[in-house]
Number of protein chains: 2
Amino acid sequence: MNIGDVSTRSGLPAKTIRYYEDIGLIKPQRSENGYRCFVEADLHKLAFLGRARALGFTIEDCRMLMALYEDESRASGDVKQLALEHLSKIETKIADLEAMRDTLTELVHCCAGDNRPDCPILKDLSGKV
Amino acid sequence: MNIGDVSTRSGLPAKTIRYYEDIGLIKPQRSENGYRCFVEADLHKLAFLGRARALGFTIEDCRMLMALYEDESRASGDVKQLALEHLSKIETKIADLEAMRDTLTELVHCCAGDNRPDCPILKDLSGKV
DNA sequence: GCTTGACCTTCCCCTAACTGGAGGCCCCAA
DNA sequence: TTGGGGCCTCCAGTTAGGGGAAGGTCAAGC
């Protein structure tokens, strides 16, 4: 398979696939003409990566997950720990965003949003509360 | 005031303050010795920026918010619109993160997390569901 | 056989919002 | 005068790729 086929089948942009090779996540063979030459196993890895990334794992997380995936003697506890750490980061981000959302929502509700210059949002940002 | 004082009083790192000058958000005077020389108005602006950034506004949003703040004839509607757009981006991010969290939570619950290699998390990532 | 267009290659710059560090001035106190 | 801290500029790195240029390759159509 050429990169275009793999891109279509994995749903990942060709650029991303090249990037993943660059950073050593995949190691496709090369044809005589220099084209990358992917086999099913590569496609499978890319799909794995795509799903892990969609769950918000960082590239380095993905690297570890792949290593664990390929290690037949792994302990599922290691995977779970990785996932739990990631989960906790996500929870933190959600909490941060929710705090922003709540503050903003309140400010927005206080703002008339008309043609007059008086604006509680700016007032709050300027510290004159 | 030197940058160290402003940093302390605004809570922003000196690096960040220099960066904000670099991109034109603030324009402190200079002393004879080349040091940045801040007045209260600069400090006020930096505090404004710090609060806007803490609410998740991008630098470009901040630039517009500052312009609106300094425009006595602004319409509060413009500010509100900016805030609403930002709010909607935040809601989207929260929703995305919650989807990840839910999926991850489920996977984590299914994983024994012991010394055995069998792991539903990896199984899911590999597509063998 | 030649051309054309799609596909592939590498290489380099760009993103956001800083952060870290190197190398070098400046200032104040002991 | 020396030392330590503060300040300066400039450069590079961070995430996870995206955009695009310049050029090689391949298969179809004439």
Side-chain angles (χ1 to χ4, degrees), chain A residues 1-39 42-43 45-46 48-66 86 89-90 92-93 96-97 100, chain B residues 1-38 42-43 45-46 48-66 85-86 89-90 92-93 96-97 100:
Chain A
M1 275 180 285
N2 282 345
I3 201 167
D5 309 318
V6 187
S7 171
T8 305
R9 292 182 59 188
S10 70
L12 297 174
K15 278 275 189 186
T16 299
I17 298 172
R18 291 196 193 98
Y19 174 66
Y20 287 173
E21 183 191 15
D22 244 34
I23 61 174
L25 283 179
I26 51 167
K27 305 193 196 316
Q29 296 298 111
R30 295 288 179 137
S31 306
E32 302 246 328
N33 59 12
Y35 286 17
R36 286 171 188 79
C37 176
F38 298 85
V39 294
D42 296 316
L43 182 57
K45 278 192 190 184
L46 286 169
F48 183 100
L49 290 169
R51 276 185 287 263
R53 292 284 300 128
L55 283 179
F57 285 103
T58 67
I59 292 285
E60 288 316 305
D61 286 340
C62 291
R63 200 186 296 278
M64 288 188 278
L65 287 170
M66 288 256 303
H86 179 44
K89 284 176 200 156
I90 289 181
T92 303
K93 275 189 201 168
D96 290 350
L97 286 170
M100 290 180 194
Chain B
M1 275 180 285
N2 282 345
I3 201 169
D5 308 318
V6 188
S7 171
T8 305
R9 291 182 60 189
S10 69
L12 297 174
K15 278 277 190 187
T16 300
I17 297 172
R18 289 195 195 99
Y19 174 67
Y20 286 173
E21 183 190 14
D22 245 34
I23 61 174
L25 283 180
I26 52 167
K27 303 192 199 316
Q29 297 298 114
R30 294 289 178 135
S31 306
E32 301 247 325
N33 59 14
Y35 286 17
R36 284 168 189 82
C37 176
F38 298 85
D42 296 315
L43 182 58
K45 278 192 190 182
L46 287 169
F48 183 100
L49 290 168
R51 277 185 287 263
R53 292 286 301 127
L55 283 179
F57 285 103
T58 67
I59 291 285
E60 288 315 307
D61 286 342
C62 291
R63 203 186 293 278
M64 289 189 277
L65 287 170
M66 288 254 303
E85 281 166 15
H86 179 43
K89 284 177 200 155
I90 289 181
T92 303
K93 277 191 201 166
D96 291 350
L97 286 170
M100 291 179 193

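Values reported hereafter were calculated over all heavy atoms of this structure, with side chains retained and with hydrogens, waters and symmetry mates removed. Per chain, numbering begins at 1; letters A, B, ... match sequence-line order.
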**Q** Kindly point out which of dC8(D), dT19(C), dT10(C) is positioned nearest to the side chain of K15(B)?
**A** dT19(C)
**Q** Under 4.0 Å from OP1 or OP2 of dT15(D): is there any side-chain N or O of R53(A) that close?
**A** no
**Q** Of the listed nucleotides (dC18(C), dC8(C), dG21(C)), which one gets closest to any side-chain atom of I59(B)?
**A** dC18(C)
**Q** Does a side-chain N or O from Y20(A) land closer than 4.0 Å to OP1 or OP2 of dG17(D), or not?
**A** yes
**Q** Quick one: which of dA17(C), dG20(D), dG17(D) gets closest to the side chain of T58(B)?
**A** dA17(C)
**Q** Should R18(B) be listed as having a side-chain N or O under 4.0 Å from OP1 or OP2 of dC8(D)?
**A** yes
**Q** Looking only at the side chain of R30(A) (C-beta and beyond, no hydrogens), which of the listed nucleotides dC8(D), dC8(C), dT10(C) gets closest?
**A** dT10(C)
**Q** When you measure from the side chain of I3(A), which nucleotide among dC18(C), dC8(C), dC26(D) comes out closest?
**A** dC8(C)
**Q** Between P13(A) and Y35(A), who's closer to the 5' end of DNA chain D by nearest nucleotide?
**A** P13(A)
**Q** Taking only the side-chain nitrogens and oxygens of T16(B), find out if one of them lies under 4.0 Å from OP1 or OP2 of dA17(C).
**A** no
**Q** Quick one: which of dC26(C), dA17(C), dG17(D) gets closest to the side chain of N33(B)?
**A** dC26(C)
**Q** Report yes if at least one side-chain N or O of R36(A) is closer than 4.0 Å to OP1 or OP2 of dC8(C); otherwise report no.
**A** no
